[in-house]
Amino acid sequence: MARRLEVISNHLGEKPQTMAKGLKTQYVKDPIKFMGLEDLIPMSLNTKRMQLREILDRDVAPLLPEFIEKAQFPREVLGKIKGLFGLSEAKYGCRQVTPREKSIILYELARVDTSLATFYALTMSLVIYTIEALGSEEQKAKYLPGLCNLDLIGCWGLTEPDFGSDASGLQTTATPVDGGFILNGSKRWIGNAIISDIMVIWAKNTKTNKIEGFVIPSKTPGIHVKNIDRKLGLRMVQNGVITLIDVKVPITTRLEKATNFANGVKVVLEHSRVSIAWIATGMLSGVYEASVKHLRERIQFGVPIGAFQLNQEKLVRVLGHFHSCFLLAWRITELQEQGKATSGQAGLVKAITSLIGRDAVRLGREMLGGDGILIDNYVMKALADMEIVYTYEGTYDINALVAGEAITGISAFKSSYSLRKK
Ligand SMILES: Cc1cc2nc3c(=O)[nH]c(=O)nc-3n(C[C@H](O)[C@H](O)[C@H](O)COP(=O)(O)OP(=O)(O)OC[C@H]3O[C@@H](n4cnc5c(N)ncnc54)[C@H](O)[C@@H]3O)c2cc1C
């Protein structure tokens, strides 16, 4: 009777599958252990990683499905991840978070949920990093403490309705006026837009024709934000359209070191693309765990489905892809820590981790069969989220072209075709 009830509840999706009798209890639960990748991580950081994992598994993961279903930002969860934020050096009352620590945090967050990891990457690698690397002392003192303890939420607006991949062609303007600038234009897909307190906005200075950055309060008159609803990936991240109509901002809002695209936007993207590689890697950890568990527990044709050669081969591919992602991401993080990472390397790592990551999540979803479409089983949500990892911070194609240019010395972004030809 008990077995029958278990079978019924399994079919209702309320309970995980039963454990197959006689199955060895020893198996590789955590992909990081298969080839001892954790030996690469300094011991104290690894201890922190395991503590974070415990908190995320116990206190955060169970709360998320409801927010994901409703596509709501999980504000209630923020308190539990508050201590994870910081700067590249301890300053302005903020703690130091080294590139390796940031990477490991992203990895653990993404293992649980990609939206959560994206919120972290957006805050740390786009908003905080932009201000820390390119802002004035006044901007740093004013915004960094609030951003690090999550009293302030920021967003980062580069892409526009008509300028996504071609971001350097953006049309938002910053017109110099007495004591400041007037901003006009539109930004699309901006994460956190509707919940933000401050915005980093990239705009073309109409006098110099250079792309400059501004950090401004979201409530500045003339700023209008509309959420993009009905999104099927990164459900908890609130992406929006920002419209700027005659937004008057003082000169102190300009990021003083971002005097053009190359020493502004490009510097930040080169940094933040490494974070996206870690998100892809963490996601593969989540996919692997869900897959191996299912292969051991789900019984078909009288045996655990992990006994089928086809499923074992798929699992090996997921684990192989995981290792490729981890090692690429680890190496670029080391280079970043030594101040040696280049744009081409970041492009290659972002492109390849999202490419093979996409393949791995598809395999994971396949292995979970019907159960693989439930929010609670990670893989379907990872499949949808990986499409965005493949797309944001420059699509796979654009990052491949960034790397391709670094390899060949030839820029291949622009087509010879012209709309004006005929
Ligand atoms: C969920 C989500 C969150 C985002 N968050 C932010 C954010 O917080 N801030 C922000 O500023 N932006 C954000 N973005 C924008 C993101 O960076 C862009 O979507 C991305 O750069 C692609 O631009 P696009 O969507 O306009 O696609 P398009 O540029 O229209 O590209 C469409 C297709 O054409 C290909 N393509 C374009 N140009 C070339 C070329 N030269 N060679 C080969 N192929 C090419 C692309 O690779 C792609 O496959 C986000 C996007 C999404 C979906």
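In this text the structure is predicted, and so the values were computed from the model without any measurement. One-based numbering, in listed order, for ligands and for the atoms of each.
Here the shortest heavy-atom distance to atom 50 (C) of ligand 1, taken over Tyr396, Phe413, Trp189, Tyr390, belongs to Trp189. Here the shortest heavy-atom distance to atom 39 (C) of ligand 1, taken over Leu401, Asp397, Ile398, Asp162, belongs to Ile398. One option in Ser115, Ala412, Gly233, Gly394 has a heavy atom closer to atom 21 (O) of ligand 1 than any other, and that option is Gly394.
In terms of polar-atom proximity, Leu158 is counted as a contact of ligand 1, with an N or O under 3.5 Å from an N or O of the ligand. The shortest N/O to N/O separation between Thr395 and ligand 1 falls below 3.5 Å. Checked against a 3.5 angstrom limit, the closest N/O atoms of Trp156 and ligand 1 fall inside it.
In this pair, Trp330 and Phe326 present their aromatic rings parallel. The plane angle is below 30°, not in the 30 to 60° band.
No hydrogens or angles considered: a donor-acceptor pair under 3.5 Å links the side chains of Asn184 and Asp246.
In Thr159, the parts holding a heavy atom less than 4.0 Å from any atom of ligand 1 are both the side chain and the backbone. Within the 4.0 Å heavy-atom criterion, the part of Glu393 lying near ligand 1 is the backbone and not the side chain. Contact annotation for Asn239 and ligand 1: only side-chain heavy atoms (C-beta onward) come within less than 4.0 Å of the ligand.
Interface of Ile190 with ligand 1, defined as ligand atoms under 4.0 Å from a residue heavy atom, comprises 7 (C), 8 (O), 9 (N), 10 (C), 11 (O).
Using a 4.0 Å cut-off between charged nitrogen and carboxylate oxygen, Arg358 and Glu387 count as a salt-bridge pair.
Not counting sequence neighbours, Asp397 has no partner by the salt bridge (charged side-chain N to carboxylate O under 4.0 Å, His left out) test. With sequence neighbours excluded, the residues forming a salt bridge (charged side-chain N to carboxylate O under 4.0 Å, His left out) with Glu66 are Lys70, listed by chain and number.
Residue, atom and distance of the protein heavy atom nearest to atom 16 (C) of ligand 1 are Tyr392 CA, 4.0 Å.
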